[in-house]
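Let me begin by handing over the structure; questions about it come next.
Chain letters run A, B, ... following the sequence lines, proteins first and then strands; every chain starts at 1.
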Amino acid sequence: MPELPEVEVMRRDLEKEIVGKKIKTVEVSRMRTIRRYRQRKPFISALEGNKITGIQRRGKYLLAKLDNGDVLVIHLGMSGQLRRAAGTKEPLAKHTHVVITFTQGGQLRFIDPRTFGEMFVTQLDGIETEVEELAHLGMDPLETVVSWDYFGELVAQRQAKLKTLLMDQKFIAGIGNIYSDEILHHAGLRWDRMSNELRPEEIRRLYRAVGEVLHDGVKYRGSSLADEQYVDLFGKLGSFQTHHQVYARDGQACLRCRREIVREKVGGRSTFFCPFCQV
DNA sequence: CGATCTACCTGATGGC
DNA sequence: TGCCATCAGGTAGATC
């Protein structure tokens with residue numbers, strides 16, 4: 001479900017809503033959500049009594065820093081939601097797996113029908129920079145400032161289809177199935193172009209498209225698809241789906257050239273593109 | 001190194 | 001109505 005823009009919107013919401021709050025109690029009703037633990041106790045006691053001091057994001061992961069130096073890591077998987085609740089009285093949504101209650105009142109709830117999401121508490125490596133479990137992640141396209149020629153170097157070093165490369169979290173962290181297709185359309189490049197065969201201006205277009213599309217995704221508060229599974233911390237839908245150029249628009253006219261958007265299955269995932277605008 | 005498949009889950013949808 | 005197949009924003013691990 002959530003890719004970088006949705007996670008970034010959530011990060012901003014959490015920053016306003018839960019930073020400075022102290023964790024009073026934690027309830028875990030589904031062990032799979034904290035599958036790195038065998039018991040719920042160690043997870044719960046790693047959180048209770050701690051204050052949240054800040055919220056960061058690495059790719060699609062959220063990091064809530066605690067005042068004891070530890071970090072609560074949250075990944076939303078395909079269907080995870082974080083929702084604010086006023087208190088215990090608000091009815092629990094189905095598939096609510098973790099509830100964090102703050103001493104100041106209010107709750108943070110983790111809801112996740114498909115249970116691909118997870119939460120765990122870990123430490124920051126050394127001088128509060130890296131989390132060991134996330135060390136495999138590549139550069140964050142919104143946080144890391146890379147020049148386009150350095151980006152081009154990295155792209156050319158690899159020998160991969162562009163869609164695969166964009167979705168490779170070890171290369172760039174945060175891009176998934178929706179935004180990879182949108183980025184490639186914006187760049188005018190086909191999903192199956194090889195990364196080491198791009199001309200310099202194509203590399204520059206790709207570089208720009210990554211930044212612009214993700215930035216717009218955040219600006220419009222993420223993409224909520226037909227199932228409306230993605231909502232922000234307060235339950236509100238995003239609107240970037242109304243700006244999609246290709247994703248889930250197969251059979252419809254390309255907004256640039258009016259020809260038909262095509263859907264193909266690549267690596268088990270639906271891929272949408274315009275065979276005329278994307279070369 | 002890269003590509004491709006599988007597994008992990010639940011729910012919605014569409015064909016028959 | 002039921003039943004079955006297919007599909008869905010993700011990641012990790014095995015295999016070739």
Checklist entry - Counting just side-chain N and O atoms, does A:Arg269 come under 4.0 Å of either OP1 or OP2 of C:dA8? => result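 Indeed not, no polar side-chain atom of A:Arg269 lies that close.
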Item to check | A:Thr271 and A:Lys163: side chain donor to acceptor below 3.5 Å | outcome: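 Distance-only check passes for A:Thr271 and A:Lys163.
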Checklist entry - Looking at C:dA8, does its base get a donor-acceptor pair with the side chain of A:Arg114 below 3.5 Å? => result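 Counting by modelled atom types and ignoring angles, a donor-acceptor contact under 3.5 Å is found here.
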Next on the checklist: On DNA chain B, compare the nucleotides closest to A:Arg32 and A:Asp168; which residue's is nearer the 5' end?
Outcome noted: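 On the 5' side of the pair lies A:Asp168.
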Item to check | A:Tyr179-A:Phe240 aromatic ring centre distance below 6.0 Å | outcome: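 Close enough - the centres of the two rings lie under 6.0 Å apart.
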Item to check | Listed nucleotide nearest any side-chain atom of A:His95, set C:dG10, B:dG11, C:dA8 | outcome: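 Among C:dG10, B:dG11, C:dA8, the one nearest the side chain of A:His95 is B:dG11.
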Item to check | Pairing partner of B:dC9 (Watson-Crick or G-U wobble, both distances under 3.5 Å) | outcome: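 The answer is none; no pair meets the criterion.
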Checklist entry - Looking at the side chain of A:Ala160, which of C:dC7, B:dA3, C:dG10 is the nearest nucleotide? => result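 Between C:dC7, B:dA3, C:dG10, the one nearest the side chain of A:Ala160 would be B:dA3.
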Next on the checklist: Using a heavy-atom cut-off of 4.0 Å across all strands, would you classify A:Gly176 as base, sugar-phosphate, or nothing?
Outcome noted: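 Sugar-phosphate only.
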Item to check | Atom-pair distance (CD1 on A:Ile111; P on B:dT10), nearest Å | outcome: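 These atoms are roughly 16 Å apart.
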Next on the checklist: Without decimals, in angstroms, what is the distance between A:Tyr61 OH and C:dG10 P?
Outcome noted: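 After rounding, the reported distance stands at 12 Å.
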Checklist entry - OP1 or OP2 of B:dT10 sitting under 4.0 Å from any side-chain N/O of A:Ser79? => result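 For B:dT10, neither OP1 nor OP2 has a side-chain N or O of A:Ser79 closer than 4.0 Å.
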Checklist entry - Within 45 degrees of the axis of the six-membered ring of A:Phe276 and under 6.0 Å from its centre: does A:Arg259 put its NZ or CZ there? => result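 Checked: cation-pi criterion met.
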Checklist entry - Considering only side-chain heavy atoms of A:Lys265, which listed nucleotide, B:dC9, C:dA8, C:dT11, is closest? => result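 Side chain of A:Lys265 sits closest to C:dA8.
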Checklist entry - Atom CD of A:Glu264 to atom P of B:dT4: distance rounded to whole Å? => result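 Distance, rounded to whole Å: 13 Å.
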Next on the checklist: Parallel, tilted or perpendicular: which one describes the rings of A:Phe171 and A:Phe151, with boundaries at 30° and 60°?
Outcome noted: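 Plane angle between 30° and 60°, so tilted.
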Next on the checklist: Could you tell me how far apart A:Lys163 (NZ) and B:dA3 (P) are, to the nearest whole angstrom?
Outcome noted: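 The answer, rounded to whole Å, is 14 Å.
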Next on the checklist: Please classify the nucleic acid contact of A:Arg263 as base, sugar-phosphate, or nothing, using heavy-atom distances under 4.0 Å.
Outcome noted: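 Sugar-phosphate contact only.
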Item to check | Atom pair distance, as rounded to whole Å: CE in A:Met31 and P in B:dC9 | outcome: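 After rounding, the reported distance stands at 14 Å.
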Checklist entry - Can you check whether A:His75 has a side-chain N or O nearer than 4.0 Å to OP1 or OP2 of C:dG10? => result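 Looking at the OP1 and OP2 atoms of C:dG10, neither is under 4.0 Å from any side-chain N or O of A:His75.
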Checklist entry - Has A:Lys94 got a side-chain N or O lying under 4.0 Å from the OP1 or OP2 atom of B:dT10? => result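 The answer is no; no side-chain N or O of A:Lys94 sits under 4.0 Å from OP1 or OP2.
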Checklist entry - Starting at the 5' end of DNA chain B, which residue's closest nucleotide do you reach first, A:Asp227 or A:Thr164? => result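 Counting from the 5' end, the first nearest nucleotide belongs to A:Thr164.
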Checklist entry - Under a 4.0 Å N-O cut-off, is there an ion pair linking A:Lys24 with A:Glu48? => result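 Salt bridge between A:Lys24 and A:Glu48, a charged N being under 4.0 Å from a carboxylate O: no.
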Checklist entry - Reckon A:Tyr247 touches a base, only the sugar-phosphate, or nothing at all at heavy-atom distances under 4.0 Å? => result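 Contact class for A:Tyr247: sugar-phosphate only.
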Next on the checklist: Using whole Å, what does the distance between atom C1' of nucleotide C:dA8 and atom CD of A:Gln81 come to?
Outcome noted: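 Distance, rounded to whole Å: 14 Å.
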